[in-house]
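To keep things clear, I will list the structure first and then write my remarks on it.
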Amino acid sequence: MEAGALGKPVVASDIEGVNEIIRNEENGLLVPQNDPKRLAEAVMKLKTNPQFSFKLGRSLQNKIEEEYSLSRMVKKIEEIYSKDSIK
């Protein structure tokens with residue numbers, strides 16, 4: 001998330017949690033776990049295609065700004081506490 005917040009393109013393992021944020025070829029690249037060949041291919045894809053790399057980084061940055069902003073996260077936490085205090 002930190003790299004994405006800075007607009008950097010991301011290559012990540014396609015694992016639970018990560019794949020909830022990263023959408024393959026929309027805002028990053030997902031590769032199977034423990035697959036160094038696919039990891040290298042994904043990195044080379046970003047290296048050899050700067051426009052695609054920029055597009056992915058910008059898309060992830062927008063997603064993080066929209067869904068994980070400080071104000072939005074505070075609101076979600078307040079909602080959780082409000083629900084718990086009702087019980």
Side-chain angles (χ1 to χ4, degrees):
M1 285 184 67
E2 292 86 359
L6 296 173
K8 303 297 180 189
V10 173
V11 176
S13 294
D14 188 3
I15 59 173
E16 190 175 339
V18 172
N19 59 19
E20 294 172 16
I21 299 168
I22 305 296
R23 299 286 181 227
N24 193 46
E25 299 212 6
E26 284 181 32
N27 63 8
L29 296 176
L30 292 172
V31 296
Q33 260 183 280
N34 303 315
D35 192 337
K37 182 180 180 196
R38 295 280 299 275
L39 176 62
E41 290 169 354
V43 170
M44 288 306 296
K45 185 173 188 172
L46 294 179
K47 182 174 172 40
T48 58
N49 193 337
Q51 290 176 327
F52 179 64
S53 180
F54 178 81
K55 177 185 156 255
L56 293 181
R58 188 57 144 159
S59 179
L60 183 55
Q61 185 177 38
N62 290 338
K63 179 181 179 94
I64 289 171
E65 287 173 357
E66 290 170 13
E67 296 183 22
Y68 300 96
S69 69
L70 179 59
S71 61
R72 185 169 174 133
M73 297 308 293
V74 167
K75 183 177 179 179
K76 285 182 177 183
I77 291 170
E78 287 173 342
E79 289 172 1
I80 291 168
Y81 281 114
S82 294
K83 288 177 186 175
D84 285 345
S85 65
I86 293 173
K87 293 179 181 178

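Val18 and Val10 end up in the same hydrophobic cluster when Ile, Leu, Val, Met, Phe, Trp and Tyr side chains are linked at under 4.5 Å. Residues Ile15 and Ile21 fall within the same hydrophobic cluster, defined by Ile, Leu, Val, Met, Phe, Trp and Tyr side chains chained together at heavy-atom separations under 4.5 Å.
The neighbour count for Lys76 NZ, taken as heavy atoms of other residues, nucleotides or ligands under 6.0 Å away, is above 12. Few gaps surround CZ on Phe52; more than 12 heavy atoms of other groups in view lie less than 6.0 Å from it.
Note that the CD1 atom of Ile64 and the CZ atom of Arg72 stand 13.0 Å from one another [nearest 0.5 Å]. Interatomic distance, Leu56 CG to Glu26 CD, rounded to the nearest 0.5 Å: 9.5 Å. Remark: Glu41 CD to Asp35 CG distance equals 7.5 Å, nearest 0.5 Å. The CD atom of Gln61 sits 11.0 Å away from the CD atom of Glu66 when rounded to the nearest 0.5 Å. Here Met1 contributes atom CE and Ile22 contributes atom CD1; the two are 9.0 Å apart, rounded to the nearest 0.5 Å. Residue Arg58 holds its CZ atom at 13.5 Å from CG of Asn27, rounded to the nearest 0.5 Å.
Between Leu29 and Ala42 the shortest heavy-atom distance is CD1-O, 3.5 Å. Nearest heavy-atom pair, Leu46 versus Pro9, reported as atom, atom and distance to 0.1 Å: CD1-CB, 3.9 Å.
Taking 4.5 Å as the limit, every side-chain heavy atom of Asp14 sits out of range of all side-chain heavy atoms of Asn24.
The salt bridge (Lys or Arg N to Asp or Glu O under 4.0 Å) check on Lys45 picks up Glu25, with sequence neighbours excluded. Residues satisfying the salt bridge (Lys or Arg N to Asp or Glu O under 4.0 Å) test with Glu67, not counting sequence neighbours, are Lys63.
Remark: the backbone N or O of Glu78 is paired with a side-chain donor or acceptor of Ser82 at under 3.5 angstrom.
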